[in-house]
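Following: one structure in structure tokens, then a few remarks.
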Protein chains: 2
Amino acid sequence: MVTTRAREGRVGTASRILDAAEKLVQVRGFNAFSYADVAAEVSISKAALHYHYPGKAELGEALITRYSARFGQAMLALFAAAGTAQDKLAGYVGLFADVLREEKMCLCGMLAAEYHTLPVAMQASVLSFFADNEAWLTQVLERGSAEGSVRLTGPARDTALMILSGLEGAMLVARAYGDVDRFLTTADRLLSGLYLSSP
Amino acid sequence: MVTTRAREGRVGTASRILDAAEKLVQVRGFNAFSYADVAAEVSISKAALHYHYPGKAELGEALITRYSARFGQAMLALFAAAGTAQDKLAGYVGLFADVLREEKMCLCGMLAAEYHTLPVAMQASVLSFFADNEAWLTQVLERGSAEGSVRLTGPARDTALMILSGLEGAMLVARAYGDVDRFLTTADRLLSGLYLSSP
DNA sequence: GTCTATAACGAGATAGAC
DNA sequence: GTCTATCTCGTTATAGAC
């Protein structure tokens, strides 16, 4: 069942609020944006913002939930699509690169930096995001290893963690330089050594 | 020439301010600590703080300057010490691990997350820190390659960047979990493949 | 659902005494 | 150098009208 709003492709206020807030968090951080910033971006009053999201903690929670769901769907699509482990990993790197091209940090990478200042509910959600990514990467690596397209020299989970952490760090540093190529080069290096065709 | 203060090992107010502020930034971030926080930690008034560092921008600058100098000295010591490239890299990883053990993020990794909210002088100093680290790693890798203890499959600089970014990201993620072992495991994975003795 | 108005608080920063 | 007192502004959040 689809509401009129969805059928017509219109976007509700709650969703536009999330769009604006998400961008602000990914560019400036959770502690460096205000309700006033979001309100101005969406062209509503701060009070209306509080109607949709009572406080910053609730808004932050909603941000992570939506972001994780979207990222999870993208990972699922990559996993289901035809292609080798190498293809899936290239697609995965592309997800991060797309974020970086907008001068944004991964939402949960940004929140990880601010971790010790976050409401506990947000902290837990950040860890869930990392756990989901780790699990996806582990599956891809194990399948690739079973298929013979990936060479693992230790537990798949360790390599999964290395890839996730490496990509987050590569975004962090490359974004400071405003240099997407820097990210792509580093991503290549992170994955080199995994494939049997590597030199 | 040594001042009485230095000879007696006493620590001046300016230095104690930097100690407190540095910790606060590494744990909470530049945008999540206040002059009041530092003043309380050092047991002086906010006004006294402003006497030593006129504004947050100047304090931030001083933090990066001192941190970079300290880190640079440690890197120099590692470079000068006897040992293989592998030894130097292990020592380098140890520098990051020591920071993480105090639940702190690398100062400049934290500031990289907040990059787009920083005063321009601080932004430049953050990039300098990264450049210094990159240069050191490149030298170590090239020397190791020349000595035959390191196997490079591309430009040393690319691998240097991968190691730096990877360690920053590993800190970011491991710190959220409060798990130093997670960092160490990831660091091992990042460097695996570099050494000729690797499986 | 959205608004204006305002409360309540903390931030960075300054003045001027000691 | 350090203090108390104060200023100004931005922040989150609420009240109540429309």
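Letters A, B, ... are given to chains in the order of the sequence lines, protein chains preceding strands, and every chain is numbered from 1.
Applying the side-chain hydrogen bond (donor to acceptor under 3.5 Å, both in side chains) rule to Thr65(A) yields no partners; only residues at least two apart in sequence or on another chain are considered. The salt bridge (charged side-chain N to carboxylate O under 4.0 Å, His left out) test applied to Glu22(B) returns Arg66(B), Arg70(B), not counting sequence neighbours. Residues satisfying the salt bridge (charged side-chain N to carboxylate O under 4.0 Å, His left out) test with Arg28(B), not counting sequence neighbours, are none. Evaluation of the salt bridge (charged side-chain N to carboxylate O under 4.0 Å, His left out) rule for Glu147(A) yields no partner, not counting sequence neighbours.
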task: Encode nucleotides 3-18 of chain D as B, S and - characters from 5' to 3', where the letter depends on protein heavy atoms closer than 4.0 Å: B to the base, S only to sugar-phosphate, - to neither.
output: BB------SBBBB---
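In the model, Ser149(B) has no side-chain atom that pairs as donor or acceptor with a side-chain atom of Arg143(B) under 3.5 Å.
For dG1(D), neither phosphate oxygen OP1 nor OP2 lies less than 4.0 angstrom from any side-chain nitrogen or oxygen of Thr13(B). Applying the 4.0 Å criterion to OP1 and OP2 of dG1(D), one finds that Tyr51(B) has a side-chain N or O inside that range.
As a whole-Å value, the separation of Arg16(B) CZ from dG1(D) C1' is 12 Å. Distance, Asn31(A) CG to dA11(C) P: 12 Å, rounded to whole Å. Spacing between atom OH of Tyr53(B) and atom P of dG1(D) amounts to 12 Å, rounded to whole angstrom units.
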Side-chain polar contacts of residues 107-114 of chain A - donor-acceptor pairs under 3.5 angstrom, sequence neighbours left out - could you list them?
residue	atom	partner	partner atom	Å
Glu114(A)	OE1	Phe30(A)	N	2.6
Glu114(A)	OE2	Phe30(A)	N	3.1
Glu114(A)	OE2	Asn31(A)	N	2.8
Glu114(A)	OE2	Asn31(A)	ND2	3.3

